[in-house]
Amino acid sequence: MTDPALSESLDAARARLAAALQAARRPEGEARLLAVSKTKPAAMIREAWGLGLREFGESYVQEALDKQAELDDLSDIVWHFIGPLQTNKSRSVAEHFSWVHSIDRERLARRLDAQRPATLPPLNVCLQVNISNEASKSGVTLDELPALAACVQSLPNLQLRGLMAIPAQYDDPDAQRRPFRQLREALDALREHLPEAPLDTLSMGMSNDMEAAVMEGATLVRLGTAIFGTRHYS
Ligand SMILES: *Cc1c(COP(=O)(O)O)cnc(C)c1O
């Protein structure tokens, strides 16, 4: 039995994404939903899968591994690691995820590359940029980005796909678009710098700011609350 509330909120999230793409005059399907399921139980992920979602984002390694074990029968599920990643937990992520959005240092990239099992395709990665330059947020600065991107591009078991950011929140919609625009421009610059990298991903926009992100070219919108409801911790 599917929870009617989940099905309704997912319909609403899909409608919001479609409306945002239309407002931005972008083709339908050019941005997709990443369902951020951190703190939510495996049973809820299974329901969301039943409603057609395939890509799920998790932020805590052990919690994610436990849920992945419970959902082992859903063979087409795609797991994204989106939280801060401690170097000593990199192996589990290299072995159990398809994507990592939070690469912010060379040492982490080199470890993930070394630990990615040869039996799996390369790990898709986005580099996290601290676009609002907030001291409390992780991510590289725009100045540091080219060097980190070149390092990742040189690692055979990582596939550099794009950039991720969690900008500061603004009340004014135009102000909210600015950091997303900067991230898009940074991706455009990287494409020139590394023409051989498959840079097709702008991971930006969350429940509160997805419209601004889609307006500026988001291709992967990370929605937690809007799909699964309020989180009771973290
Ligand atoms: C929790 C989280 C989200 C989802 O946030 P909501 O506001 O619930 O949509 C997106 N991205 C990252 C990196 C997160 O940690």
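Counting starts at 1 for both ligands and their atoms, in listed order. Here the structure is a predicted model, which is why all the values come from computation and not from measurement. The first residue in the sequence is number 1, and the count goes up from there.
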request  = Answer with side chain, backbone, both or neither: which part of Ser207 has a heavy atom less than 4.0 angstrom from an atom of ligand 1?
outcome  = both

task = Give yes if a backbone or side-chain nitrogen or oxygen of Gly224 is under 3.5 Å from a nitrogen or oxygen of ligand 1, and no if not.
result = yes

ask   = Considering only heavy atoms of Arg222, which atoms of ligand 1 have at least one such atom less than 4.0 Å away?
value = 4 (C), 9 (O), 10 (C), 11 (N), 12 (C), 13 (C)

ask   = Does ligand 1 have an atom that lies less than 4.0 angstrom from a heavy atom of Gly83?
value = no

query = Is any NZ, NE, NH1 or NH2 atom of the basic residue among Asp113 and Arg110 found under 4.0 Å from an Asp or Glu carboxylate oxygen of the other?
reply = no

query = Are Asn208 and ligand 1 in contact, using a heavy-atom cut-off of under 4.0 Å?
reply = no

ask   = Do NZ/NE/NH1/NH2 and the carboxylate oxygens of Asp73 and Arg46 come within less than 4.0 Å?
value = yes

query = Applying a strict 4.0 Å limit to heavy atoms, is Arg231 in contact with ligand 1?
reply = yes

message = Need the ligand 1 atom indices (1-based, order shown) with element for anything under 4.0 Å from a heavy-atom of Thr225.
response = 6 (P), 7 (O), 8 (O), 9 (O)

request  = Return the minimal non-hydrogen interatomic distance between Leu33 and Ala13, and the atom names on each side.
outcome  = CD1-CB, 4.5 Å

note = Taking only non-hydrogen atoms of Ile166 and a 4.0 Å limit, the atoms of ligand 1 in range are 13 (C)

message = To check you understand the geometry: which heavy-atom pair defines the closest contact between Leu142 and Gln182, and what is its length?
response = CD1-NE2, 4.5 Å

ask   = With sequence neighbours left out, what residues match Asp171 under salt bridge (Lys or Arg N to Asp or Glu O under 4.0 Å)?
value = none

query = Which residues, ordered by chain and number, are linked to Leu34 in its hydrophobic cluster, where ILVMFWY side chains connect at heavy-atom gaps below 4.5 Å, directly or through other members?
reply = Val36, Ile82, Leu220

message = As an exercise, identify every atom of ligand 1 less than 4.0 angstrom from a heavy atom of Ser59.
response = 15 (O)

inquiry  = Any carboxylate oxygen within less than 4.0 angstrom of a Lys/Arg side-chain nitrogen, looking at Glu58 and Lys67?
reply    = yes

ask   = Where on Leu223 is there a heavy atom closer than 4.0 Å to ligand 1, on the side chain, on the backbone, on both, or on neither?
value = backbone

task = Give the numbers and elements of all ligand 1 atoms closer than 4.0 Å to a heavy atom of Ile82.
result = 11 (N), 12 (C), 13 (C), 14 (C)

ask   = Is the shortest distance from a Lys or Arg side-chain nitrogen in Glu185 or Arg181 to a carboxylate oxygen in the other one below 4.0 Å?
value = no

remark   = Taking only non-hydrogen atoms of Lys38 and a 4.0 Å limit, the atoms of ligand 1 in range are 1 (C), 2 (C), 3 (C), 14 (C), 15 (O)

